Amino acid sequence: MAAMAAERGTAAEALVGQVVLPGDLLLLPAHYDEDAEGERLRLSAGTAPQGRLLCGPGLRRSGAGLLVTKCGLLRHRPGGGGAYWVDSQQKRYVPVKGDHVIGIVTAKAGDVFRLDVGGSEPASLSYLAFEGATKRNRPNVQVGDLIYGQFVVANKDMEPEMVCIDSSGKSSGMGIIGQDGFLFKVSLGLIRKLLAPKCEIIQELSQLYPFEMVLGMNGRIWVKAKTVQQTLIVVNILEACEHMTAQQRKQALAKLSGN
Amino acid sequence: MAGEVKTKLSKNLLRMKFMQRGLDSQTKKQLEEEEKKIISEEHWYLDVPDLKEKESCIIEERSFLRCEDLVYGRMSFKGFNPEIEKLMIQMNSKCKEEKIEEDDKMEADVSDEEMARRYETLVGTIGKKFLRKRDQRVLKDDDEDEDDEVEEGNSNTRPSKRAKKMFLKPQD
C-alpha cells in the first residue's frame with residue numbers, strides 16, 4: 001500500500017533538449033503563475049516576459065505548469081514571449097489550422113471538392129477558394145489532381161476545410177500542382193527538418209540538379225525534375241536521408257554528382 | 001357614464017402614446033421610471049459573488065508553424081520554375097522586414113518627383129474630358145488666346161471663327 005507521493009514537477013528550463021515522457025509535469029518560472037495577482041510587476045533578476053508563453057504541440061496547460069502528453073525532446077524558443085513544445089516523431093497527420101498541405105482530389109460534390117490529406121477525414125475545398133475564381137469562372141480541377149492549400153478549419157469536432165488563397169485573396173503559390181512529378185510520403189519529423197531555415201539537405205540537393213519541390217506538412221512531398229531518372233534520384237535521397245548521418249549523405253551525393 | 005369611463009381607464013391604456021401627449025414631462029418621467037422598475041424587478045440574477053477571471057499567461061497551440069520558424073513549402077532550384085523562385089524570395093523575406101523596406105526604396109521605377117509632375121498635368125488633361133460643351137468652348141478660347149501670343153500666324157483664322165459664333169444680322 002505504498003502511497004504515491006504527489007508528483008512534483010521539474011523546472012521546464014532544466015529539461016530543454018532532453019527526452020520527456022507523457023505524464024511529466026514541467027514547472028514554469030514564477031511569473032507565469034496564474035494565482036500571482038499583482039506580483040507580476042515585481043522586478044526580478046530574471047527576464048520579465050512580455051506577452052504570453054506559447055504551449056506548443058505535445059504539451060498541455062495544467063494548474064501548476066505544463067503537462068507533457070507526447071514523448072520526445074523538449075524544445076524552447078526564447079523570442080516573442082517564449083515557447084515550449086515537444087519535438088516528437090509521427091507518421092500519421094492530424095489536421096491543424098494554418099498548415100500548408102498537399103491534398104489529392106478524390107471526389108467532386110457539387111460546389112465542393114473532397115481532398116484526401118492523410119487525416120481521419122477527407123477535407124473539403126470550395127471551388128471559390130481559388131484565386132480569381134467566380135461562379136462563372138471555375139477552376140479546372142479533376143479527380144486525382146494534387147492541390148497545395150492551407151487549412152482554415154481544423155478541429156476534432158468538424159470536418160477540416162481547406163482554401164487555396166491567403167487572407168488577402170492572393171494564391172501565393174497555393175493551388176493546383178502541375179503535371180508530372182512524383183508524390184511520396186515521409187514522416188512528419190523529416191518534413192519539419194527539411195523546412196527548417198538553412199537545411200543542409202536542401203542546400204546539398206539544390207546543388208545537384210534543377211528541380212522543383214513542394215513539401216506538405218502532412219508528410220507528402222512532390223518532386224519534379226527534368227528527367228524521370230533525376231526525379232527518382234531526388235526522391236530516393238529524400239526518403240533515405242532520414243536514416244542517414246550527414247556524412248553518409250554527403251558520400252551518396254558525391255557519388256551521384258561524380259556520375 | 002362618461003365619468004365612470006374616466007376613472008376606470010386601465011394602466012396599459014394610459015401608457016399609450018396618444019394618452020401621454022397631454023401629460024407634462026414630469027408625469028411622463030415618473031411613468032417611465034415605474035416601467036423600468038417593473039422590468040428590472042422581473043429580471044433574475046445570481047446571488048453569488050463575482051468570479052474573477054484568471055488571466056492566464058499561457059496559450060495552447062497545436063501547430064508547429066507558430067513555434068518553429070519554418071520556411072515556405074514550395075521550392076524550386078536552379079531556375080526550374082522561375083515564378084516559384086521569385087515567390088520563395090518574397091515569402092522568406094517576409095520574416096525579415098528590414099530587407100523589404102530597403103527593397104521598396106530601391107525598386108521604385110518612377111521617382112516621387114516624376115510622379116508628382118505627371119499627376120499635375122494628368123489631372124488637367126483628364127479633367128477637360130469631363131467638362132460640358134460650353135466649358136469646353138471656353139477652354140478652347142483660352143487656349144487660343146494663349147496661342148495667339150506665341151503664334152501670330154493664326155490670326156487670320158481667328159476673326160472668321162469668332163464671326164461664326166456671333167449672330168450675324170441679315171443686311172437689309
Side-chain angles (χ1 to χ4, degrees), chain A residues 28 31-35 37 40 49 51-57 59-61 65-66 75 77 81 83-85 87 94 96-102 148 154-155 172-174 177-178 188 191-192 194-199 202 205-217 224-226, chain B residues 45-112 115 119:
Chain A
L28 295 169
H31 39 244
Y32 292 117
D33 200 359
E34 292 172 9
D35 295 331
E37 301 171 21
R40 261 175 236 136
R52 303 176 166 200
L53 180 73
L54 206 63
C55 163
L59 292 173
R60 214 176 239 204
R61 182 179 53 184
L66 298 176
R75 301 276 185 221
R77 182 199 73 194
Y84 284 99
W85 71 95
D87 198 358
V94 173
V96 170
K97 182 174 167 177
D99 264 2
H100 294 258
V101 293
I102 300 180
Y148 186 60
N155 49 41
S172 64
M174 294 188 270
I177 298 177
L188 307 188
I191 299 274
R192 274 183 285 121
L194 292 171
L195 283 175
K198 297 185 192 159
C199 172
I202 301 274
L205 273 177
S206 64
Q207 306 299 320
L208 210 55
Y209 315 115
F211 70 98
E212 188 190 347
M213 186 161 74
V214 179
L215 295 154
M217 293 289 286
K224 179 175 170 185
K226 281 195 181 142
Chain B
Y45 61 92
L46 283 172
D47 201 9
V48 166
D50 277 337
L51 280 175
K52 215 172 162 191
E53 196 190 299
K54 284 187 190 172
E55 205 191 294
S56 65
C57 285
I58 305 177
I59 321 174
E60 277 191 35
E61 178 71 48
R62 280 176 57 219
S63 148
F64 279 105
L65 206 64
R66 285 191 62 189
C67 297
E68 301 176 17
D69 195 18
L70 298 176
V71 301
Y72 192 59
R74 245 193 136 148
M75 313 179 189
S76 156
F77 303 107
K78 290 204 171 179
F80 195 79
N81 193 333
E83 292 169 5
I84 295 196
E85 300 210 348
K86 265 189 245 167
L87 198 70
M88 272 171 76
I89 301 172
Q90 193 193 351
M91 297 295 273
N92 292 335
S93 67
K94 260 187 200 172
C95 316
K96 303 165 191 174
E97 285 169 352
E98 303 152 355
K99 266 192 187 174
I100 290 180
E101 283 173 5
E102 286 174 27
D103 283 346
D104 277 351
K105 282 181 193 161
M106 286 185 355
E107 284 177 12
D109 291 330
V110 183
S111 73
D112 295 337
M115 279 292 283
Y119 261 118

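Note that the structure is a prediction, hence the values are computed from the model and not measured.
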Fill in: For A:Arg75, salt bridge (Lys or Arg N to Asp or Glu O under 4.0 Å) partners two or more places apart
A:Asp87
Worksheet, complete the sentence: From the list A:His100, A:Lys224, A:Lys97, the residue making the most non-hydrogen contacts under 4.5 Å with chain B is A:Lys224
Worksheet, complete the sentence: Taken in chain and number order and not counting sequence neighbours, the residues that satisfy side chain to side chain donor-acceptor pair (under 3.5 Å) with B:Glu60 are none
Worksheet item: Are A:Phe211 and B:Phe80 an aromatic pair by the rule of ring centers under 6.0 Å?
Response: no
Practice prompt. Could you tell me whether a side-chain N or O of B:Arg74 sits under 3.5 Å from a main-chain N or O of A:Leu215, the two making a donor and an acceptor?
Written response: no
Item to complete: Kindly indicate, with the supporting measurements, whether the criterion side-chain contact (heavy atoms from CB on, under 4.5 Å) is fulfilled by B:Ile59 and A:Arg61.
Response: CA-CA 8 Å; B:Ile59 321 174; A:Arg61 182 179 53 184; over 6 Å; no
Practice prompt. Could you have a look at A:Ala196, A:Ser172, A:Gly178 and say which one has the most heavy-atom pairs with chain B under 4.5 angstrom?
Written response: A:Ser172
Fill in: Interchain contact, A:Arg192 with chain B, by part (heavy-atom threshold 4.5 Å)
both
Discussion item. Does any backbone or side-chain atom of A:Ile191 lie under 4.5 Å from a heavy atom of chain B? Answer side chain, backbone, both or neither.
Written reply: neither
Response to the item:
Of the listed B:Glu68, B:Glu83, B:Glu85, the one with the largest count of heavy-atom pairs under 4.5 Å with chain A is B:Glu68
Discussion item. One pair to check against side-chain contact (heavy atoms from CB on, under 4.5 Å): A:Glu212 and B:Ile84. What are the steps and the verdict?
Written reply: CA-CA 9 Å; A:Glu212 188 190 347; B:Ile84 295 196; 3.2 Å; yes
Fill in: A:Met217 portion near chain B, given a 4.5 angstrom heavy-atom threshold
side chain
Response to the item:
Heaviest contributor of heavy-atom pairs below 4.5 Å to chain B, chosen from A:Ala225, A:Pro210, A:Gly56, is A:Pro210
